[in-house]
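The structure presented is a predicted model; accordingly, all values stated were derived computationally and were not measured. Residue numbers start from 1 in every chain, and the chains themselves are labelled A, B, ... in the order their sequence lines are given, proteins ahead of strands.
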Amino acid sequence: MDWNDSSKSSDSLQWIGEDEEEVNSNTVPFHSSSNFNTHEASTSAGPHSSLFSYFVGMGFSKNMVVKAIKENGEGNTNAILETLLTYSMIEKSPSECELIPYDTDSSESKMDDLDQLSDISSCLGDEETIEHLSDREKKFLQLMDMGFPIDDASSALEKCGPDTSIMELMDFISAAQIGKIHNPQLHPILDENKPGSSNFHTTPDKKRKKLFEAEERWQKKVDSWRRRQKESYKERKKSLLHEDEETVRVPKPMKGFGLPNMQMTVFNRKIPSEAIGPPFFYFENVALAPKGVWDTISRFLYDIQPEFVDSVYFCAAARKRGYIHNLPIQNRFPLQPIPPLTIQDTFPLSKKWWPSWDKRTKFNCLNTCTASAKLTERIKKALESWDGEPHPKTQKYILFECKKWNLVWVGKNRAAPLDPEEIEVLMGFPKHHTRGGGTSRTERFRSLGNSFQVDTVAFHLSVLKKMFPHGISVLSLFSGIGGAEVALHRLGIPLKNVVSVEISNVNRNILQSWWDQTNQKGNLIHVADVQKLSIDRLEELIKSLGGFDLIIGGSPCNNLTGSNRVSRDGLQGEQSILFYEYFRVLNDVKFLMGKV
DNA sequence: TAAAGCATGAAGTCTTGT
DNA sequence: ACAAGACTTCATGCTTTA
């Protein structure tokens with residue numbers, strides 16, 4: 001390939017620290033992407049303009065595109081994109097934002113509320129807009145979004161005050177709905193006669209019994225009403241989302257486009273001409289992301305259908321991931337040696353202590369956190385309280401913890417979390433890959449939990465071996481501890497140039513150590529922040545290295561994974577939004593290499 | 001100060017029972 | 001067919017400990 005010929009082999013390692021990097025003034029996901037500049041329309045941007053169809057073609061709704069063009073002007077493509085991305089996409093799609101309360105009767109109080117809120121009711125997902133609202137206004141909007149009638153929401157806020165929690169407000173409205181609010185003693189917010197309160201114990205027995213019964217009946221009604229409310233809200237949400245028609249479905253079993261030693265399933269794989277490599281690209285993220293996320297990812301990556309694979313077919317641990325790439329899928333081969341595929345084969349010593357009632361043969365997904373010593377102690381004590389086989393309830397509890405924390409049996413009644421070394425091997429890394437160099441045990445678990453399963457990825461990358469017998473130049477985004485690099489190396493593909501983009505200092509050190517220890521002949525260049533990898537910097541790199549053969553990376557899953565209880569915000573989440581940086585860099589590189 | 005411990009569910013999908 | 005239960009999930013943020 002011509003853009004490879006200009007590569008200069010230099011054995012010196014370059015290090016670009018965070019401080020040394022040029023600061024790009026434009027840090028929005030789509031800064032200065034030349035790919036988009038080519039689409040800048042200077043003329044009419046109405047519903048039939050090329051600009052309009054371009055954005056609609058990307059999957060944005062027509063209304064939103066018109067709105068975004070109107071807001072930003074016709075010439076400012078990047079700003080339009082930013083608007084579309086920030087305000088309208090996926091989870092916070094325009095259709096969802098247009099949710100309106102089903103009770104549209106008018107009254108003065110309602111009109112007041114509506115007038116006050118008319119500006120922001122158009123899009124609840126707009127945090128910037130919502131931030132300046134009072135607590136009362138936010139709660140009112142929340143209640144409306146949940147489908148409560150305006151009257152009820154308004155009156156609940158009036159009577160309970162703006163400091164009342166949403167749950168309590170819901171209870172209040174529920175009670176009002178079923179007519180019990182007229183007896184404030186039966187309402188949890190206002191009820192001073194609840195069991196446990198001082199007044200309750202002074203009530204005569206008969207009355208107390210009645211109160212109990214009444215409260216039970218009331219509670220049941222509220223529960224069922226709340227359930228119905230929740231379901232109808234979900235239904236409406238679903239039907240609105242359905243308009244966008246999701247196309248990506250996660251198959252089960254997750255075997256991708258074929259596994260080692262498995263006859264290739266006939267698959268109609270279409271890669272659009274603009275997506276065909278070189279450069280090749282390979283993108284990874286969690287398979288079980290919130291609904292719509294993979295539709296969006298796929299839409300941005302040339303509508304290529306994701307390959308969903310569970311690493312349970314490559315090692316003894318599950319790891320359900322989706323991969324979007326433009327690699328050929330014929331003539332793949334697995335890494336050798338094939339790792340043991342069961343827990344018992346991976347840890348033969350555990351067989352002696354493995355209880356018959358623990359039927360696991362595979363680990364669940366290896367996560368970033370590990371079980372504490374206290375938990376293993378509790379398990380030991382629970383087991384020691386039984387002479388022979390523990391009570392089914394005890395078994396259930398222990399199995400629950402074992403599955404949740406991926407515990408192995410290491411002695412009599414002794415379950416233990418996996419050591420970092422054991423996780424390294426399960427993930428396909430060399431033993432001690434993350435050990436030493438100032439990396440704490442906690443950090444090792446975190447880094448490993450965030451990594452590729454090497455055998456799985458290597459199987460997909462194996463097709464590159466014949467294509468690049470003299471070495472490959474890789475742009476590795478979100479490198480982590482170097483799963484992609486290790487996979488290519490283990491496949492026997494020489495690493496000519498590797499530009500590794502990784503924010504964590506710990507991870508950069510781990511990759512550098514591995515690079516040094518494996519006597520790599522090529523160049524390893526570190527970049528800390530993908531957002532600072534500007535198109536100018538990319539141009540420099542491509543000129544000096546001769547281009548990239550492979551752009552590989554798994555963008556942050558923090559806001560996509562089910563294990564995140566705090567901020568599972570979808571692709572627009574704080575970290576997961578960096579997916580758009582992968583997309584941006586891919587497009588910039590393709591443009592710079594004259595492939596667009 | 002850094003590392004380890006620990007409490008914190010929802011959102012899906014699949015399975016089972018009626 | 002439907003409801004109810006079982007199962008899994010590249011984590012975060014606060015507190016305690018060394």
Side-chain angles (χ1 to χ4, degrees), chain A residues 91 167 223-224 227-228 230-231 233-234 237-238 241 246 248-254 283-294 308-312 315 317-323 359-360 362-378 395-397 399-406 417-418 420 423-424 426-429 434 438-454 456-457 478-481 483-484 502 504-507 553-570 573-576 578-579:
Chain A
E91 296 91 347
M167 288 304 286
D223 283 349
S224 95
R227 210 165 33 238
R228 284 202 309 276
K230 200 176 165 187
E231 274 164 14
Y233 174 59
K234 276 186 177 173
K237 212 169 169 181
K238 203 188 281 177
L241 275 175
E246 288 172 26
V248 176
R249 296 228 168 270
V250 180
K252 198 175 174 178
M254 270 189 225
F283 173 83
E284 178 257 16
N285 216 315
V286 289
L288 306 177
K291 278 187 174 177
V293 166
W294 276 105
F308 290 105
V309 187
D310 190 340
S311 294
V312 83
C315 67
R319 202 167 187 81
K320 298 174 182 66
R321 296 292 180 268
Y323 306 88
K359 306 289 185 195
R360 288 178 300 152
K362 299 277 191 180
F363 289 116
N364 282 332
C365 183
L366 302 170
N367 291 332
T368 55
C369 298
T370 192
S372 64
K374 294 274 179 192
L375 174 68
T376 62
E377 190 186 356
R378 283 198 291 272
Q395 289 181 19
K396 198 177 172 186
Y397 157 70
L399 277 177
F400 173 78
E401 298 291 357
C402 284
K403 288 174 183 174
K404 183 174 163 190
W405 292 108
N406 280 323
L418 293 165
I423 298 179
E424 283 163 351
L426 280 164
M427 296 288 283
F429 288 90
T434 60
T439 311
S440 76
R441 193 177 155 87
T442 311
E443 283 168 334
R444 293 177 73 190
F445 283 120
R446 168 170 287 269
S447 295
L448 284 161
N450 281 322
S451 178
F452 285 165
Q453 205 288 323
V454 170
T456 313
V457 171
F478 316 105
S479 307
I481 57 174
E502 170 56 42
S504 154
N505 187 39
V506 169
N507 288 344
S555 65
C557 70
N558 309 36
N559 311 114
L560 307 180
T561 172
S563 29
N564 188 342
R565 304 173 182 196
V566 181
S567 50
R568 196 184 189 190
D569 303 328
E574 193 182 344
Q575 287 85 29
S576 296
L578 290 176
F579 157 73

Of all the choices, [options], which nucleotide is nearest to the side chain of [X] once you look at every atom?
X	options	value
Ser440(A)	dC10(C), dA3(B), dT12(C)	dA3(B)
Arg565(A)	dT8(C), dA4(B), dT8(B)	dT8(B)
Lys291(A)	dT8(C), dT13(B), dA11(C)	dT13(B)
Thr442(A)	dA4(B), dC10(C), dC7(C)	dA4(B)

When the distance from [atom1] of [X] to [atom2] of [N] is rounded to whole Å, what number comes out?
X	N	atom1	atom2	answer
Asn507(A)	dC10(C)	CG	P	18 Å
Leu560(A)	dT12(C)	CG	C1'	15 Å
Phe400(A)	dT8(C)	CZ	C1'	10 Å
Lys403(A)	dC14(B)	NZ	P	17 Å
Phe363(A)	dT8(C)	CZ	C1'	16 Å
Tyr323(A)	dC10(C)	OH	P	11 Å
Leu578(A)	dC10(C)	CG	C1'	15 Å
Lys252(A)	dT15(B)	NZ	C1'	10 Å

Which of residues 365-374 of chain A sit near DNA chain C, with a heavy atom under 4.0 Å from it?
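Of all residues in residues 365-374 of chain A, the ones placing a heavy atom under 4.0 Å from DNA chain C are Cys365(A), Asn367(A), Thr368(A), Cys369(A).
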
For residues 441-450 of chain A, tabulate all N or O donor-acceptor pairs below 3.5 Å that involve a side-chain atom, not counting sequence neighbours.
{"from": "Glu443(A)", "atom 1": "OE1", "to": "Ser440(A)", "atom 2": "N", "distance (Å)": "2.9"}
{"from": "Glu443(A)", "atom 1": "OE1", "to": "Ser440(A)", "atom 2": "OG", "distance (Å)": "3.4"}
{"from": "Arg444(A)", "atom 1": "NE", "to": "Thr434(A)", "atom 2": "O", "distance (Å)": "3.4"}
{"from": "Arg444(A)", "atom 1": "NE", "to": "Thr434(A)", "atom 2": "OG1", "distance (Å)": "2.9"}
{"from": "Arg444(A)", "atom 1": "NH1", "to": "Glu421(A)", "atom 2": "OE2", "distance (Å)": "3.4"}
{"from": "Arg444(A)", "atom 1": "NH2", "to": "Glu421(A)", "atom 2": "OE2", "distance (Å)": "3.3"}
{"from": "Arg444(A)", "atom 1": "NH2", "to": "Glu424(A)", "atom 2": "OE2", "distance (Å)": "2.9"}
{"from": "Ser447(A)", "atom 1": "OG", "to": "Glu443(A)", "atom 2": "O", "distance (Å)": "3.1"}
{"from": "Ser447(A)", "atom 1": "OG", "to": "Asn507(A)", "atom 2": "OD1", "distance (Å)": "2.7"}
{"from": "Asn450(A)", "atom 1": "ND2", "to": "Arg446(A)", "atom 2": "O", "distance (Å)": "3.1"}

For [X], check ring-ring contact (aromatic ring centres under 6.0 Å, His included) against everything at least two apart and list the hits.
X	result
Phe308(A)	Trp294(A)
Phe429(A)	His433(A)
Phe283(A)	Phe579(A), Tyr582(A)

Given DNA chain B, 5'-ward residue of the pair Gly562(A) and Val250(A), judged by closest heavy atom:
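Its nearest nucleotide lies further toward 5', so the answer is Gly562(A).
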
Quick one: does Gln453(A)'s side chain have a donor or acceptor within less than 3.5 Å of a partner on Lys320(A)'s backbone?
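Absent.
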
Donor-acceptor contact present, side-chain Asp310(A) to main-chain Ala318(A), <3.5 Å
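No, because the side chain of Asp310(A) does not come within donor-acceptor range (under 3.5 Å) of the backbone of Ala318(A).
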
Only counting residues at least two apart or in another chain, list the ones meeting side-chain contact (heavy atoms from CB on, under 4.5 Å) with Lys362(A).
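Result, side-chain contact (heavy atoms from CB on, under 4.5 Å) vs Lys362(A): Val312(A), Leu341(A).
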
Going by the rule salt bridge (charged side-chain N to carboxylate O under 4.0 Å, His left out), which residues pair with [X] if we only count those two or more places apart in sequence or in a different chain?
X	value
Arg378(A)	none
Arg568(A)	none
Glu284(A)	Arg321(A)
Glu574(A)	none

Need one value for [X]: base, sugar-phosphate or nothing, where a base atom within 4.0 Å counts as base even if backbone is also close, heavy atoms only.
X	result
Arg568(A)	sugar-phosphate
Lys404(A)	nothing
Ser555(A)	base
Arg441(A)	sugar-phosphate

Reading DNA chain C from 5' onward, which residue's closest nucleotide shows up sooner: Lys396(A) or Ala287(A)?
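The residue mapped nearer the 5' terminus is Lys396(A).
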
Tell me whether the side-chain N/O atoms of [X] come closer than 4.0 Å to OP1 or OP2 in [N].
X	N	result
Asn364(A)	dT9(C)	yes
Arg446(A)	dA11(C)	no
Ser563(A)	dA11(C)	yes
Thr561(A)	dC10(C)	yes
Lys320(A)	dT9(C)	yes
Asn558(A)	dT12(C)	yes

Pairwise P distance for dC10(C) and dT8(B), with rounding to whole Å
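Nearest-Å result for dC10(C) against dT8(B) at atom P: 22 Å.
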
Mind listing the N/O atom pairs, protein and nucleotides 15-18 of chain C, below 3.5 Å?
none

Would you say Asn564(A) and Thr561(A) are linked by a side-chain donor-acceptor pair, where the criterion is simply a distance under 3.5 Å?
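No, no side-chain donor-acceptor contact under 3.5 Å.
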
Given side chains that start at C-beta, do those of Leu560(A) and Pro290(A) come closer than 4.5 Å, heavy atoms only?
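Yes, their side chains come closer than 4.5 Å.
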
Are Trp405(A) and Thr376(A) side-chain neighbours, meaning at least one heavy-atom pair lies under 4.5 Å?
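No, side chains not in contact.
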
Using a 3.5 Å limit on both pairing distances, list the dot-bracket string of DNA chain B from the 5' end; Watson-Crick and G-U wobble pairs count, crossing pairs take [ ], interstrand pairs take |.
||||||||.|||||||||

